[in-house]
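Heads up, the thing below is written out as structure tokens.
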Amino acid sequence: QVQLVESGGGLVQAGGSLRLSCAASGRTFSSYAMGWFRQAPGKEREFVASINWNGRITYVQDSMKGRFTISRDNAKNTVYLQMNSLKPEDTALYYCARGRTSWAPKASTDFDSWGQGTQVTVSS
């Protein structure tokens with residue numbers, strides 16, 4: 001069972017930036033797609049971004065395109081989420097997840113391992 005540990009969350013003013021990291025245990029990190037989801041209080045968990053096994057294919061939620069970028073470093077077993085021009089509505093608990101296969105999915109059911117999450121709070 002892979003372990004995923006997110007970091008990099010925090011409190012930031014609107015317009016600011018944060019980079020989230022997710023470190024994965026195990027030797028098979030590079031074989032799987034990875035993704036980020038978020039859940040705000042009282043709302044359902046929503047897809048943020050995903051990346052395929054080699055980093056060449058990425059998807060970002062339409063509302064976050066141009067502001068959020070997903071990337072990965074297979075040598076470090078780490079996936080990143082760079083978030084720029086943050087808005088108060090980006091406030092949520094951000095989760096890292098591992099895909100069931102090497103391709104980059106968007107549905108939460110296509111991910112089989114989840115981290116505990118890192119809190120992002122954007123003040124206005």
Full working for side chain to side chain contact (heavy atoms under 4.5 Å, CB included) between Thr91 and Gln119: CA-CA 8 Å; Thr91 295; Gln119 179 67 39; 4.0 Å; yes
Minimum-distance pair of heavy atoms, taken over all atoms of Ala40 and Ala92: N-CB, 3.8 Å
field: Working for side chain to side chain contact (heavy atoms under 4.5 Å, CB included), residues Leu86 and Leu18
entry: CA-CA 8 Å; Leu86 283 162; Leu18 284 174; 4.2 Å; yes
task: Verify side chain to side chain contact (heavy atoms under 4.5 Å, CB included) between Trp36 and Ile70, making sure each step is shown before the conclusion.
output: CA-CA 8 Å; Trp36 288 94; Ile70 187 171; 3.6 Å; yes
- line: For Leu11 and Ser123 the tightest heavy-atom approach is CD1-CB, 4.3 Å
task: For residues Glu6 and Gly117, report the shortest heavy-atom separation together with the two atoms involved.
output: OE1-N, 2.9 Å
- prompt: For the rings on Phe37 and Phe111, is their centre-to-centre separation under 6.0 Å?
  reply: yes
field: From CE (Met83) to CZ (Phe68), nearest 0.5 Å
entry: 5.5 Å
field: Check: Ile57 main-chain N/O paired with Asn52 side-chain donor or acceptor under 3.5 Å
entry: yes
query: Any chance the side chains of Arg19 and Tyr80 put a donor and an acceptor closer than 3.5 Å?
result: no
Same apolar cluster: Val48 and Tyr95, side chain cutoff 4.5 Å: no
message: Are Leu81 and Val12 connected into the same hydrophobic cluster when the rule is that any two of I, L, V, M, F, W, Y join if their side-chain heavy atoms are below 4.5 Å apart?
response: yes
- line: Rounding to 0.5 Å, atoms OG (Ser108) and CD (Glu46) come to a distance of 11.5 Å
- prompt: What do the steps show when you test Ile51 against Val79 for side chain to side chain contact (heavy atoms under 4.5 Å, CB included), and what is the final call?
  reply: CA-CA 9 Å; Ile51 187 167; Val79 61; 4.1 Å; yes
query: Are Leu20 and Met34 in one and the same hydrophobic cluster, where Ile, Leu, Val, Met, Phe, Trp and Tyr link if side-chain heavy atoms are under 4.5 Å apart?
result: yes
- prompt: Which pair of non-hydrogen atoms, one from Leu4 and one from Cys22, has the smallest distance, and what is that distance?
  reply: CB-SG, 3.9 Å
task: Taking atom CD of Gln3 as the centre, report whether more than 12 heavy atoms of other residues, nucleotides or ligands fall under 6.0 Å from it.
output: no
- prompt: Cluster question for you: counting only ILVMFWY and a side-chain heavy-atom cut-off of under 4.5 Å, with indirect links fine, are Phe29 and Val2 together?
  reply: yes
task: Mark yes when over 12 heavy atoms from residues, nucleotides or ligands other than Gln116 sit less than 6.0 Å from its CD; otherwise mark no.
output: no
- prompt: Hey, what do you get for OG (Ser30) to CG (Asn77), rounding to the nearest 0.5 Å?
  reply: 7.5 Å
message: If the threshold is 4.0 Å, N to carboxylate O, is there a salt bridge linking Asp90 and Lys87?
response: no
query: What pairs with Gln82 under side-chain hydrogen bond (donor to acceptor under 3.5 Å, both in side chains), at least two apart in sequence or on another chain?
result: Asn84
task: Examine Arg72 relative to Trp53 and say whether NZ or CZ is less than 6.0 Å from the centre of the six-membered ring and inside a 45° cone about the ring axis.
output: no
- line: Shortest non-hydrogen pair, Phe47 vs Gln61, comes out as O-NE2, 3.3 Å
- request: Verify, without hydrogens or angle tests, whether Arg67 (side chain) and Ser85 (backbone) share a donor-acceptor contact under 3.5 angstrom.
  value: yes
- request: Looking only at non-hydrogen atoms, find the nearest pair between Ser50 and Pro105 and report the distance.
  value: OG-O, 2.7 Å
